[in-house]
Amino acid sequence: MTKVRTRFAPSPTGYLHIGGARTALFSWLYARKMGGDFILRIEDTDLERSTQASVDAILEAMAWLDLHYDEGPFYQTQRFDRYKEVVQQLLESGHAYYCYTSKDELDAMREAQMARKEKPRYDGRWRDSTETPPAGVSPVIRFKNPLEGVVEFDDMVRGKIAISNTELDDLIIARSDGIPTYNLSVVVDDIDMGITHVIRGDDHINNTPRQINIMRALGHEPPIFGHVPMILGPDGQRLSKRHGAVNVMQYRDEGYTPEALLNYLVRLGWSHGDQEIFSREEMIQLFAAEDLNRAPSAINPDKLVWLNQHYLKTLPVEDIVKQLQWQLESQKLDISQGPRLEHVVMAQRERVHNLAEMLSASRYFYEPITSYHPDAIAKQFKPETANYLQTVQDELASIEHWQDEPIHAAIQTACEKLGVKLGKVGPALRVAVTGNTSSPSLEVTLRLVGKERSLERIANAIKFIKNS
RNA sequence: GUCCCCAUCAUCUAGUGGCCUAGGAUAUCGCCCUUUCACGGCGAGUACUGGGGUUCGAAUCCCCAUGGGGACGCCA
């Protein structure tokens, strides 16, 4: 049995979007599962729209998701000689021909066909023409598609698909400037790179019979195709910028872990019974093309958030600390004057939705409090609060080992001395130390803020209350 | 318009002719836990697009309709 070889072949005309990432993931999973190779190929034959910035963005996203490729990235722009050679071969074998039809003529042709309610397509006027070519026109080269018969293929996810050759026209395989087009370069590359399984978006279904015809004209049998449905926006419409994050890297910026995004993506169009949580290893182990769905699926941001929380709660603390580095720089938070990040992660991992929030909700561990939350002042800072805080401060001040237990005990003792419930003192203490109404449990919060700073902040709060 | 593909809760999905008075997850709503915010636990509501067949029996098979998506480029 030949080794499985899959490929992901994005065109660098923009960042890697969420749909592309999922296609890449499925392709990668299949190769891993089958012990095969995964190849990255950059389809940059559109010189007008391809940019180096897009190539970099795609590579960065692949790296962030850690979808490792065994070969590549290959660039089609570096293989022009090879494509030209194949086009020449097709010309010589009578499978291709020069076409001198201008763009204006083509437009007119399409319009007329649409008016007649026909499927717009090239009419093959130069296919067998013996006419003298018009002077000064640089021709394109078209593939001589079979006139009759049916192209059949057995799709990995959809089963048998058959398209009649009469539906297909003679597509352009080389532009008038000699640069090959997508359908040609894909075929040549898939042959040369020994691709056995092409997993791609179902927007390519219509291209498949054309590519199969070209392959056969070249004397090769086509690979196995698997067309996965597209991803829709939350409203069921085609995914676009107005649907929020479509750029994979934006998810990193917003504080999602790659583990969560991958887990979310793998469950979009694929399932393994009722299982929701998949580690990378499990995905590889359990992935099967039969379990791929045929229907398009709408993206559901809430579920991604849930998964992200799950990974925040369960990933090793060191991993989260590592991922926090990017946020640290982005949020310009200096952590040199505060608790170790590990401790903050442990304190916050169960109460935030993402990495960005984990840091933004932790600033008071590192930075002075500049103001109290307005609602908090109204609700928690009453005249008698000053007295409560004073008692708490006295108890806290006498603590020798600034740890959870003693801190907790000190707060309890203060309450007893005051003869009030913790509910009277706790919230105010929290506001005093964090400036906010929510934080980890009091003892953890105070521990992380530190003894000296805690006492100082309580003193400031007492002053604030007395002056207001 | 023509061709191709698709169709189970709001969303992601399980389901491959009887186990389905349709299961799980997210979200929502209750209740419990609780010093805040969360976590967690328990529970509730919500779906087989419609119509014809096939069959003793259809969410599951076939046909039609409807709806959605895609393709129809000297883009990929």
Side-chain angles (χ1 to χ4, degrees), chain A residues 9-13 43-46 48-50 76 99 101-103 106-107 110 113-122 138-142 155 158 161-164 166-169 171-177 179 181-183 185-186 200-209 227 229-230 232 234 236-238 264 267-277 290-291 293-307 309 313 348-353 361 376 380 408 411 415 421-431 434 436-443 445:
Chain A
S11 64
T13 53
E43 309 219 321
D44 52 357
T45 52
D46 185 345
E48 307 270 300
R49 299 194 300 156
S50 298
Q76 294 191 320
C99 166
T101 313
S102 70
K103 288 181 189 180
L106 249 20
D107 287 343
R110 278 188 207 110
Q113 286 162 332
M114 291 282 257
R116 268 180 273 131
K117 306 198 173 195
E118 285 169 17
K119 185 174 184 171
R121 72 244 271 208
Y122 174 67
S138 24
V140 297
I141 298 170
R142 288 183 184 270
D155 195 276
R158 284 157 209 270
I161 295 177
I163 291 169
S164 169
T166 55
E167 292 297 326
L168 274 23
D169 63 358
L171 69 156
I172 293 173
I173 54 176
R175 300 170 169 89
S176 47
D177 59 7
I179 293 176
T181 60
Y182 164 74
N183 280 298
S185 52
V186 176
R200 53 172 24 166
D202 73 1
D203 48 333
H204 286 287
I205 283 191
N206 293 281
N207 288 321
T208 306
H227 289 97
M230 315 215 69
L232 275 23
Q237 295 300 301
R238 194 194 178 111
Y264 178 72
R267 283 288 289 103
L268 215 52
W270 177 81
S271 61
H272 181 72
D274 285 340
Q275 190 169 342
E276 294 288 350
I277 305 294
E290 308 88 81
D291 295 324
N293 233 127
R294 284 162 301 280
S297 38
I299 204 162
N300 177 196
D302 286 338
K303 193 160 183 179
L304 208 209
V305 170
W306 171 73
L307 279 165
Q309 275 187 109
K313 284 184 293 189
Q348 301 276 215
R349 66 194 315 187
E350 286 192 349
R351 58 195 81 236
V352 295
H353 297 97
Q380 306 302 346
H408 183 77
I411 297 171
C415 286
K421 296 219 172 196
L422 181 53
K424 285 277 177 196
V425 179
L429 177 57
R430 171 168 286 110
V431 176
T434 69
N436 251 299
T437 50
S438 69
S439 82
S441 69
L442 285 170
E443 54 269 26
T445 304

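In what follows, every heavy atom counts, from backbone to side chain, and hydrogens, waters and symmetry copies are set aside. As the structure is a prediction and not an experimental result, all values here were calculated from the model. Chain letters run A, B, ... following the sequence lines, proteins first, then strands; residues in each count from 1.
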Over how many whole Å does the gap from [X] atom [atom1] to [N] atom [atom2] extend?
X: A:E118; N: B:U2; atom1: CD; atom2: P; value: 11 Å
X: A:L307; N: B:U26; atom1: CG; atom2: C1'; value: 9 Å
X: A:I161; N: B:C3; atom1: CD1; atom2: C1'; value: 13 Å
X: A:N293; N: B:A59; atom1: CG; atom2: P; value: 20 Å
X: A:Q275; N: B:C12; atom1: CD; atom2: C1'; value: 15 Å
X: A:L304; N: B:A27; atom1: CG; atom2: C1'; value: 14 Å
X: A:Y264; N: B:A27; atom1: OH; atom2: C1'; value: 12 Å

Base, sugar-phosphate or nothing for [X]? Non-hydrogen atoms, less than 4.0 Å.
X: A:K117; answer: sugar-phosphate
X: A:G269; answer: sugar-phosphate
X: A:E276; answer: base

Sticking with atom [atom1], work out how far [N] lies from [M], rounded to a whole angstrom.
N: B:G15; M: B:A7; atom1: P; result: 13 Å
N: B:C39; M: B:C33; atom1: C1'; result: 10 Å
N: B:G23; M: B:U16; atom1: P; result: 14 Å
N: B:C4; M: B:U26; atom1: P; result: 41 Å
N: B:C20; M: B:U60; atom1: C1'; result: 11 Å
N: B:A14; M: B:G67; atom1: C1'; result: 24 Å
N: B:C5; M: B:U11; atom1: P; result: 24 Å
N: B:C9; M: B:U36; atom1: C1'; result: 35 Å

Taking atom types as modelled, is there a side-chain donor on [X] or [Y] under 3.5 Å from an acceptor on the other?
X: A:H408; Y: A:S441; answer: no
X: A:S439; Y: A:T434; answer: no
X: A:T208; Y: A:R200; answer: yes

- Taken in chain and number order and not counting sequence neighbours, the residues that satisfy side-chain contact (heavy atoms from CB on, under 4.5 Å) with A:R267 are A:N263, A:S271, A:E276, A:F278, A:K303
Opposite nucleotide pairing with [N], Watson-Crick or G-U, both atom distances under 3.5 Å:
N: B:C42; answer: B:G30
N: B:C56; answer: B:G18
N: B:G73; answer: none
N: B:A65; answer: B:U49
N: B:A25; answer: B:U11

- Item | Nucleotide nearest A:I163 (side chain, heavy atoms from C-beta), chosen from B:C4, B:G24, B:U26 | B:C4
Which heavy atom in [X] sits nearest to a heavy atom in [Y], and how many Å separate them?
X: A:Y264; Y: A:A298; value: OH-O, 4.1 Å
X: A:H227; Y: A:R158; value: O-NE, 3.1 Å
X: A:I411; Y: A:L429; value: CD1-CD2, 3.8 Å
X: A:T445; Y: A:P440; value: OG1-O, 2.8 Å

- Quick one: classify the glycosidic conformation of B:C39 as syn or anti, with syn meaning within 90° of 0. syn
- Message: Return a single string for nucleotides 69-76 of chain B, one symbol per nucleotide in 5' to 3' order, where B is base contact, S is sugar-phosphate-only contact and - is none, cutoff 4.0 angstrom on heavy atoms.
- Response: SBSBSBBB
- Item | Heavy-atom protein contacts under 4.0 Å, nucleotides 28-48 of chain B, coded B base, S sugar-phosphate only, - none | -------BBBSSS--------
- Message: Determine whether a donor-acceptor pair (N or O, by modelled atom type, separation under 3.5 Å) exists between the side chain of A:R430 and the backbone of A:S438.
- Response: no
- Query: Has A:S271 got a side-chain N or O lying under 4.0 Å from the OP1 or OP2 atom of B:C12?
  - Reply: no
- Message: Check A:R49 with A:D44, please: is the shortest side-chain N to carboxylate O separation under 4.0 Å?
- Response: no
- Query: Are A:S176 and A:P139 close enough that some pair of their side-chain heavy atoms sits under 4.5 Å apart?
  - Reply: no
